[in-house]
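Accompanying notes for the structure given below.
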Amino acid sequence: MAYTKVVIRTRHGDVVSEYHSARYGAPGEKREKRKAPTPEQVEKQNQWQKEKKARIRLMEYFDENDYFSTLTYRVEERPPDMASAKTDFVEAIKIIRREYKKRGKELRWIRNIEVGTRGAWHVHIVINRIEDTDLILKKAWKHGKVVNQLMYEAGGFQKLAAYITKTPKTDPRLQESDFSLSRNMPLPEAEKKIYLHWKTWKEIRVPKGYYLDKDSVREGKNPITGHKCRSYTLLKIRPEEERRERRCHRR
């Protein structure tokens, strides 16, 4: 049985996709005709790709002490529409970028503007933290409060990627959303290999120095080819985690 393995390596770990090759088929599975995806399947796939790319960028460009911040609106300053909210954010990011530049630092950000079904607007933003970032955000955002928390406290990579890319289709509490990010975060190149034999489909191989992010595991069948596929994230064991594990073994 042949399969393809695609690996994107980042500073914090690897994002892996594995799927049986439609060319060779899979044992015990009838080869099915390729099907045109339904609009629902296309929409679901596009959302999953957006979430995956966000996760890769979080793993490559951000660290555990960077900020996941929420920019809120005072009731009397809520924007009338998404275009106005995007303008508010652009004006704020200009100030933030200027303050970073004064300090000789590069700004990186990922954000989602959201409006709830009850009309409450806010912006979720992941931003690389430097000295005074909290003060810079407070200065730049003139429409309400700024609530900061460290990125890992917001759920690490997988959960945070899903949260920062959510839409009314993935979260019924939302009426509208708009996702965007800074342009200085290109995706790392993917490594692609084709293997002609694979007898351990049920086993995810975890190399030394890594651990499996169980929340990231997705396994199923490609709706177009009908063949098995899966994706998962392998995170690097951080030094403090390794020391903690060693202490547990000594007891």
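One-based numbering along the sequence shown.
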Suppose the criterion is salt bridge (Lys or Arg N to Asp or Glu O under 4.0 Å): which pairs have a residue in residues 87-104, not counting sequence neighbours? E91-K94, E99-K102, E99-R103, E99-K139, R103-D132
Closest heavy-atom pair, T10 versus P188, reported as atoms and distance to 0.1 Å, is CG2-CG, 4.4 Å
Tell me, yes or no, whether the heavy-atom count around E189 atom CD, taken from other residues, nucleotides or ligands under 6.0 Å, exceeds 12. no
Derivation of the side chain to side chain donor-acceptor pair (under 3.5 Å) call for S17 and K52: CA-CA 11 Å; S17 299; K52 179 181 177 182; 3.0 Å; yes
Give, for atom CE of M185 and atom CZ of F62, the distance between the pair rounded to the nearest 0.5 Å. 4.5 Å
Testing the basics here: between S182 and N184, what is the closest heavy-atom pair and its distance to 0.1 Å? OG-OD1, 2.7 Å
Please indicate whether R11 has more than 12 foreign heavy atoms, meaning atoms of other residues, nucleotides or ligands, lying under 6.0 Å from its CZ. yes
Contact summary for F157 and L58, nearest pair of heavy atoms: CE2-O, 3.5 Å
Count the heavy atoms of every other residue, nucleotide or ligand shown that sit under 6.0 Å from NZ of K50, and state whether that count exceeds 12. yes
Supply the atom-to-atom distance I125 CD1 to I164 CD1, rounded to the nearest 0.5 angstrom. 8.0 Å
Will you find, in the side chains of Y232 and E219, an N or O donor that is under 3.5 Å from an N or O acceptor? no
Residue pairs fulfilling salt bridge (Lys or Arg N to Asp or Glu O under 4.0 Å) with at least one residue in residues 108-129, sequence neighbours excluded: R111-D178, E114-K166
Students often mix this up, so state it plainly: with edges at 30° and 60°, are the rings of H124 and Y163 parallel, tilted or perpendicular? tilted
Restricting to pairs with a member in residues 94-115, which pass ring pair (Phe, Tyr, Trp, His ring centres under 6.0 Å), not counting sequence neighbours? F89-W109
Say you draw a straight line from CG of L150 to CG of D63; how long is it, rounded to the nearest 0.5 Å? 11.5 Å
Give me the one residue out of R55, Q158, H12 that meets side-chain hydrogen bond (donor to acceptor under 3.5 Å, both in side chains) with T233. R55
I136 versus I96, closest heavy-atom pair with distance: CG2-CA, 3.9 Å
